[in-house]
Amino acid sequence: MAGTDMRISVIGTGYLGAVHAACLADIGHDVLGVDVDAAKIEALAAGQAPFYEPGLSDVLSRAVGSGRLRLSIDPAQAAEFADVHFICVGTPQQPGSQAADLTYVHAAIDGLARHLRRPTLVVGKSTVPVGTAAALARRLAELAPAGEGVELAWNPEFLREGYAVADTLTPDRLVVGARSDAADEALREVYAPMLAAGVPYIRTDLATAELVKVAANAFLATKISFINAVADVCDAAGADVVRLAEAMGHDARIGRRFLGAGVGFGGGCLPKDIRAFLARARELGVADSLAFLAEVDTINTGRRRRVVELARELVGGSLHGRNVAVLGAAFKPDSDDVRDSPALAVAAAVQARGANVRVHDPAAIDNARAVFPELDYTTDVAKACERADVVLHLTEWREYRDLEPESLAKVVAHARIVDGRNVLSLERWEAANWTVAALGRGRRQG
Ligand code: UDX
């Protein structure tokens with residue numbers, strides 16, 4: 001197959017890197033995955049995904065089994081082996097600041113650079129503040145024995161958790177910030193099977209490539225907060241935000257996706273990316289232009305308080321001593337990720353108001369327990385709902401949509417539910433004598 005058989009290293013085998021490395025091996029490249037975490041490397045080398053991601057285990061075991069994906073903790077080995085190096089380490093929010101923490105990116109670049117003795121291409125995939133790539137390019141040239149022979153390109157990643165393998169193998173688009181034609185050509189070769197399948201490829205400068213990623217995530221976050229703001233108006237006016245979103249979504253210029261009103265967005269990307277974008281705009285002297293992103297953030301975190309409020313109203317004014325069942329801990333379905341999870345934040349807030357909280361999630365309980373050990377967890381929905389005064393539906397796992405309200409009514413103390421994701425059939429739950437509250441479906445409340 002054209003475009004296969006390149007020797008590639010992937011530095012950082014967390015969420016992004018593990019998927020990227022396995023998929024590159026799957027399309028025929030020889031890949032070396034490198035991470036500082038020996039336990040992670042060991043798990044991957046045994047073909048095991050270190051986190052929940054549908055389809056990843058298959059691709060990973062195929063890649064490891066074929067010998068096309070190998071793993072190491074030694075960046076010197078990566079430098080020796082590969083001609084193209086992808087930097088896939090995380091850029092979390094800095095503690096006590098809104099900006100991105102680039103510690104891991106700097107460590108990965110520095111760790112690799114000093115071993116680069118021949119002309120090489122280093123490709124950043126991590127989400128970084130605009131301007132980072134240009135600075136890293138200078139640093140590489142300074143530190144690498146091969147000097148100016150080491151080039152840096154930027155190739156942001158748009159994968160969604162839960163669809164990471166499909167998003168990597170059949171992306172909506174490939175964006176490559178490349179200074180030279182040689183870098184551009186090398187990346188076209190890396191992605192040759194995708195290009196042959198017609199995936200759009202957009203070449204830009206480094207700064208544009210960095211910005212495409214954060215701008216895309218900021219747009220998605222804004223779309224969600226927009227519909228959540230409208231949901232409040234729906235509640236005040238007695239309108240239904242779900243029908244409204246459906247009607248708006250038929251306009252091809254708007255589209256229905258990301259108009260899901262509810263408890264709002266969370267996860268390892270959207271919240272920290274809008275904050276880091278705003279922090280960078282401030283440094284660049286254009287904070288006013290992105291001031292609306294602070295409002296997007298405020299609307300989003302306000303959703304969590306709104307759900308707590310609805311729960312309190314449903315149980316008659318005080319959560320103290322009440323039994324509350326929380327359905328969902330992950331920040332979204334098909335993921336075990338609880339970073340900035342709205343569901344878990346609500347569970348903790350309800351408990352802080354004196355409620356007895358029991359949390360159910362099909363995949364995220366171990367991760368949730370690590371963050372909030374004081375909450376009670378179960379993998380049995382009926383057990384979570386036993387004697388509950390109110391049920392909070394906060395992550396829209398498929399199995400919650402398929403719940404039978406009639407059977408669940410038999411185990412709870414009071415048949416009351418808050419649909420924090422607006423995906424349950426209100427007619428069906430109400431027909432089974434549940435009191436249902438939701439965000440933005442005004443006529444259902446009070
Ligand atoms: C996001 C981007 O979609 C992806 O392109 C980028 O690479 C990383 O960040 P991800 O964090 O996996 O991906 O989640 P996504 O599917 O975008 O959902 C983000 C959050 O928004 C979730 O908490 C989800 O529940 C919420 N959401 C999504 C809504 O509240 N309403 C919607 O209509 C859609």
Side-chain angles (χ1 to χ4, degrees), residues 93 217-237 239-242 244-245 248 256-275 278 292-315 319 324-333 335 337-353 355 357 359 361 364 368 371-372 390-397 400 416-424 426 436-442 444-446:
Q93 187 175 334
N217 274 357
F219 188 84
L220 293 172
T222 303
K223 202 172 174 190
I224 298 169
S225 278
F226 173 84
I227 200 66
N228 280 329
V230 172
D232 280 345
V233 180
C234 287
D235 273 339
D240 183 349
V241 75
V242 175
L244 177 144
M248 276 180 70
R256 173 66 181 80
R257 294 167 79 187
F258 279 71
L259 286 182
V263 67
F265 59 81
C269 294
L270 261 45
K272 69 126 175 133
D273 285 354
I274 58 169
R275 291 168 198 155
L278 186 51
F292 71 95
L293 285 181
E295 192 57 31
V296 165
D297 203 0
T298 303
I299 292 169
N300 190 54
T301 45
R303 307 313 289 166
R304 302 169 186 199
R305 281 194 299 280
R306 179 86 188 106
V307 171
V308 175
E309 193 53 25
L310 283 178
R312 195 183 59 77
E313 284 167 17
L314 274 188
V315 299
L319 285 161
V324 178
V326 170
L327 301 185
F331 83 102
K332 68 172 194 180
S335 168
D337 195 342
V338 299
R339 284 176 293 172
D340 210 339
S341 164
L344 213 44
V346 168
V350 166
Q351 196 199 36
R353 282 162 182 72
V357 183
V359 182
D361 193 281
V371 187
F372 286 112
V390 62
V391 177
L392 309 182
H393 171 244
L394 302 180
T395 310
E396 68 277 33
W397 285 94
Y400 301 148
R416 305 162 178 147
I417 186 164
V418 178
D419 183 9
R421 290 296 182 176
N422 284 331
V423 294
L424 300 181
L426 300 190
V436 187
L439 296 98
R441 316 198 74 178
R444 302 274 165 190
Q445 290 160 38

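Please read all numbers here as calculations on a predicted model, not as lab measurements.
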Could you grab the distance from atom [atom1] of [X] to atom [atom2] of [Y], nearest 0.5 Å is fine?
X: F265; Y: T301; atom1: CZ; atom2: OG1; answer: 8.5 Å
X: E313; Y: L319; atom1: CD; atom2: CG; answer: 10.5 Å
X: Q93; Y: D273; atom1: CD; atom2: CG; answer: 10.0 Å
X: W397; Y: S335; atom1: CH2; atom2: OG; answer: 7.0 Å
X: L293; Y: N217; atom1: CG; atom2: CG; answer: 11.0 Å
X: L270; Y: K332; atom1: CG; atom2: NZ; answer: 9.5 Å

* **Identified side chain to side chain contact (heavy atoms under 4.5 Å, CB included) partner of V242 from the options D419, I227, L259, N422** =>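 Going through D419, I227, L259, N422 one by one, the side chain to side chain contact (heavy atoms under 4.5 Å, CB included) with V242 is satisfied by N422 alone.
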* In this structure, which one of I274, V296, I299 forms a side chain to side chain contact (heavy atoms under 4.5 Å, CB included) with T222? ->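 Running side chain to side chain contact (heavy atoms under 4.5 Å, CB included) over I274, V296, I299 with T222 returns exactly one hit, V296.
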* Check the pair D232, R303 against side-chain contact (heavy atoms from CB on, under 4.5 Å), reporting the backbone distance first and the verdict last. => CA-CA 10 Å; D232 280 345; R303 307 313 289 166; 3.0 Å; yes
Heavy-atom check, side chain of [X] versus side chain of [Y], under 4.5 Å:
X: R353; Y: V324; value: no
X: V391; Y: L327; value: yes
X: L424; Y: V436; value: no

How close do [X] and [Y] get, counting heavy atoms only, and between which atoms?
X: V359; Y: A329; value: CG1-CB, 3.9 Å
X: A349; Y: V308; value: CB-CG2, 3.9 Å
X: V338; Y: A330; value: CG1-CA, 4.2 Å
X: C234; Y: L244; value: SG-CD1, 4.2 Å
X: R304; Y: A345; value: NH1-CB, 3.8 Å
X: N228; Y: G262; value: OD1-N, 2.8 Å

* To do: Would you check, one step at a time, whether the test side-chain contact (heavy atoms from CB on, under 4.5 Å) holds for L314 with L310?
  => CA-CA 6 Å; L314 274 188; L310 283 178; 5.7 Å; no
* Would you check, one step at a time, whether the test side-chain contact (heavy atoms from CB on, under 4.5 Å) holds for V357 with L392? => CA-CA 10 Å; V357 183; L392 309 182; over 6 Å; no
* When you look at CZ of F292, are more than 12 heavy atoms from neighbouring residues, nucleotides or ligands closer to it than 6.0 Å? ->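 Enclosed.
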* If you count the non-hydrogen atoms of other residues, nucleotides and ligands that lie under 6.0 Å from CZ in F226, is the total more than 12? ->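 Atom CZ in F226 is not packed in, count stays at 12 or less.
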* Do R312 and E309 sit within salt-bridge range, that is, some charged N less than 4.0 Å from a carboxylate O? ->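 E309 and R312: salt-bridged.
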Whether [X] side chain and [Y] backbone form a donor-acceptor pair below 3.5 Å:
X: S341; Y: A343; value: yes
X: R421; Y: G264; value: yes
X: K272; Y: D340; value: no

